[in-house]
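First up is the structure itself, then whatever we jot down about it.
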Amino acid sequence: MQISREFILEAVGLSLLVMLLLLGTQMFQRATGLIEMLDEEQSRQIESLKEYEITQFDGRKIDGVTVIGYIKNMVNHYGLSVCVQTEEKEFTIDSKENCQQLKNTASEYYISSFGLYECCVVRDENGGVDYILITEEAEEL
């Protein structure tokens, strides 16, 4: 009788231990799933923010000072090419060296700080950003 009581208590204790382990495993699996879901959401938000930085001026007219900063950011941080069209010339900026010449009036890459420009983000067939087109607006007399 004494042995059967001890056996029953040990069996109950072992059952409780197994149940706690199973519960802990389930909670760990749920937490892992939640962490993966949050990680995916954070990645989507980062991509959305990156996309916004690139497209923030799409279809808008912006001044020359803003254009210069925008071009430097697109070339240096995102590795995008920027095509600039003015009344006199057309050129592509795709390196840090080109960016350093944007304010130099003697450079072929000069952008007037006082000009007005229209920005257009050009996408490839898959919807990714291919390059950026910046067109100088004609001066009104």
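If you read the sequence from its start, that first residue is 1, and numbering goes on from there.
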Which distance, rounded to the nearest 0.5 Å, do you find between the OH of Tyr109 and the NZ of Lys89? 10.0 Å

Could you tell me whether the side chain of Arg5 reaches within less than 4.5 Å of the side chain of Ile8, counting heavy atoms only? no

Following the transitive rule for hydrophobic clusters with a side-chain heavy-atom cut-off under 4.5 Å over Ile, Leu, Val, Met, Phe, Trp and Tyr, establish whether Tyr131 and Ile68 coincide in one cluster. no

Can you name the closest pair of heavy atoms from Asp58 and Cys120 and give their distance? OD1-CA, 3.4 Å

Other residues, nucleotides, ligands: >12 heavy atoms within 6.0 Å of Gln42 CD: no

Distance, nearest 0.5 Å, that separates CD of Gln26 from CZ of Arg30: 5.5 Å

Are Val121 and Ile93 co-members of a hydrophobic cluster defined by side-chain heavy atoms under 4.5 Å apart? yes

Distance from Arg60 atom CZ to Glu118 atom CD, nearest 0.5 Å? 11.5 Å

Between atom CD of Glu90 and atom OG1 of Thr135, what is the distance when rounded to the nearest 0.5 Å? 8.5 Å

In terms of hydrophobic clusters joined by side-chain contacts under 4.5 Å, are Met74 and Val129 together? yes

May I ask you to test the Tyr78-Asn73 pair for a side-chain heavy-atom distance under 4.5 Å? yes

Do Met19 and Val12 belong to the same hydrophobic cluster, where Ile, Leu, Val, Met, Phe, Trp and Tyr are linked whenever their side-chain heavy atoms lie under 4.5 Å apart, directly or via other members? yes

Compare all side-chain heavy atoms of Tyr70 with those of Ile134 and state whether any distance is below 4.5 angstrom. yes

If you compare all heavy atoms of Ser81 against all heavy atoms of Thr92, which two are closest, and at what distance to 0.1 Å? CB-CG2, 4.1 Å

Before you tell me yes or no, could you show the steps for Val84 and Ile111 under side chain to side chain contact (heavy atoms under 4.5 Å, CB included), namely the whole-Å CA-CA distance, both residues' side-chain angles and the distance that decides it to 0.1 Å? CA-CA 9 Å; Val84 179; Ile111 292 182; 4.2 Å; yes

Residues 119-132 vs salt bridge (Lys or Arg N to Asp or Glu O under 4.0 Å), sequence neighbours excluded, gives Glu51-Arg123

Answer with yes or no whether the hydrophobic clustering places Leu116 together with Phe57; edges join I, L, V, M, F, W, Y residues whose side-chain heavy atoms lie under 4.5 Å apart. no

Does the side chain of Asn98 reach to within under 4.5 Å of the side chain of Phe91, using non-hydrogen atoms? no

Atom pair NE2/CD1 of His77 and Ile54 - distance to nearest 0.5 Å: 12.0 Å

Rounded to the nearest 0.5 Å, the SG atom of Cys119 sits from the CD1 atom of Ile62 at a distance of 5.0 Å

